[in-house]
J.: 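Sharing a structure here in C-alpha cells format.
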Amino acid sequence: MAAAAQLRGLRVGRHGQGVRLVFDLNRRLTAAPVIRSVGEVLHIELPGIQHWLGRPVVPALGPLQGGAEMNESAAGLVLRLPLRETVRWRSFSLGPRGGASQRLVLDLMPVVGTAVESSRSHPVAGAGRPIVVCLDPGHGGHDPGAIGARGTREKDVVLDVALSLARLIRSTPGMRLVMSRDTDRYVPLMDRMHLGLAQRADLFVSIHADAFPERTVSGSTVWALSQTGATSAAARWLARTQNAADPLLGDVQSGVHDLMLNEVLINMTQTAAMNAAAAAADLMIRGLAGVEDLHNAAVQHANFVVLRAPDVPSMLVETAFISNPQEEQRLRDPDFRQLLARTMHDAVLAHFVNAPPADSAWSATRHVLGKAENLADVADRYGLSVEALRLANNLPHGEGQPGVHLRVPIMGA
Ligand SMILES: [Zn+2]
C-alpha cells in the first residue's frame, strides 16, 4: 500500500462573497473529501491524508468564525471549522503547476435566498419546528427559459406563480418559506440545490413551463428524482437540456472534477427522501388534474440537478406548455396563474397532512364527519381548503358521507 498523502499547508483567503480554502498536498487524493455541515460547524474529512505540519491556522474571515479542530485517524484527517453563518460549498482539485503542489480547493459561500418566517398564528398550536418549503422558480436574469409565440417568457410566468404560492405558504401556520429567487435574477442550478440542503427543506418545488418543438403538445407534468435515472427517452432529453442551463455544470459533467458533485451522487443512496418526493409529486399531479390537462398522467422520473439534493424531497412541476398557443394564452392570464398557485398549495398541504415531519410543528389527527357538517366546515376548522382536504383523503367530488374518518392536520404556529 502506498504511503499516506500528506497535508503540507492550508491557505485561507477571501473569494467573492465568501472564502476560499486551499489545501496543499504532496499528491492527489485517492478518494473524494467528505464535506458536511453539522449545526454551525463544517466537517471536512480528507480520506487517506496525514497531517505533516503544525496546527492549521484558520482566521476569522467571512463565514468562518476562526479556529479549527483537527483529528487524525487511520482513515484520514478530519477538520472542524466553526461557522458564523450557513454556507454552501464546492470543492475541486488542481494539479501541480508552476511550482505549486497538488491542491484541493474548497470555496465556502454564504447561502443565497430569503428565508421568511410564517407570521400568522393559529388557535390549534403544536410544538416543534416549522415545516420548511423551498420554492424554486426556474430560470431568471439572462436566462429567459422557454419563450412562447407571443413572446411570453417562462422566467416571468413561473416567478409570478411562485410568488403567489409563496404568499399562500407564508400565511400557513407552522410553515417556513424559502425561495431560490423572488426577483428576476439568474441563480445557478447548484445554488438552487444547495439552498434546499442548507435550509433543510422538507419539500423542494421547482416551477417551470414546458416547451416542445411540436406546438400542439400540451398539459402539466410533474417530475421527481429517480435513483435509477430517467423514465423515458424524453426525460433524458429534458434532464440534459435543463442541466445544460448552467455553464459551470456543463463543465463538471464533462470533466467530473467537482468532488462535491460526486459526494452528492454518493449520498443519493438514501431513498427516504425519494419516496417522500414521489408521494408529494403524486398529490401534485392529482391536484393539477383538476385545473389543467395532464401531459403525463403519472409522475415522471428524471435526473435533474435541482432535484439531486440528498435528503431533500424534491419535485419539478412543468405547469403547462408555453410553446402551445392556447396554453401560452392561459399562462398570460393572472387568474390562471393564481389558480395554479392555489392548486400547488393544496397539494403541498395535502402532502404534509399525510406525512408531517416527525419533529415538526405539524401532526395529523382524525376528524369524524358529523351529520350536520360538510367538507367546507371541516376544511375551515383545520385551516385547509376543501381541495386540500379532498386530496389528502383521496375523496372524490361530492360531499363526504357522515361518519367518514378524515385525516386532518394540527398545525403549529
Ligand atoms: Zn424551464
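Both counts, for ligands and for their atoms, begin at 1 and track the order of listing. Just so you know, these numbers use all the heavy atoms, side chains as well, and skip hydrogens, waters and symmetry mates.
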J.: Answer yes or no for E154: is there an N/O/S atom below the 2.8 Å cut-off from the Zn ion (ligand 1)?
T.: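 A backbone or side-chain N, O or S atom of E154 is under 2.8 Å from the Zn ion (ligand 1).
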J.: Would you check if the side chain of K155 reaches a backbone N or O of G138 as a donor-acceptor pair within less than 3.5 Å?
T.: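 Here the side-chain-to-backbone pair does not exist.
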J.: May I ask you to check whether S385 and H345 show a side-chain donor-acceptor distance below 3.5 Å?
T.: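 Checked: S385/H345 side chains show no N/O donor-acceptor pair below 3.5 Å.
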J.: What N/O/S atom of H208 gets nearest to the Zn ion (ligand 1)?
T.: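 Atom name of the closest N, O or S in H208: ND1.
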J.: Is E327 reaching over with its side chain to a backbone N or O of A320, donor-acceptor style, under 3.5 angstrom?
T.: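 Side chain of E327 to backbone of A320, a donor-acceptor pair under 3.5 Å: no, none is there.
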J.: Hey, which N, O or S atom on H139 ends up closest to the Zn ion (ligand 1)?
T.: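 Of all N, O or S atoms belonging to H139, NE2 is the one nearest the Zn ion (ligand 1).
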J.: For R200, does the CZ atom sit with more than 12 other heavy atoms under 6.0 Å from it, leaving out its own atoms?
T.: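 At most 12 heavy atoms, drawn from other residues, nucleotides or ligands, come within 6.0 Å of this atom.
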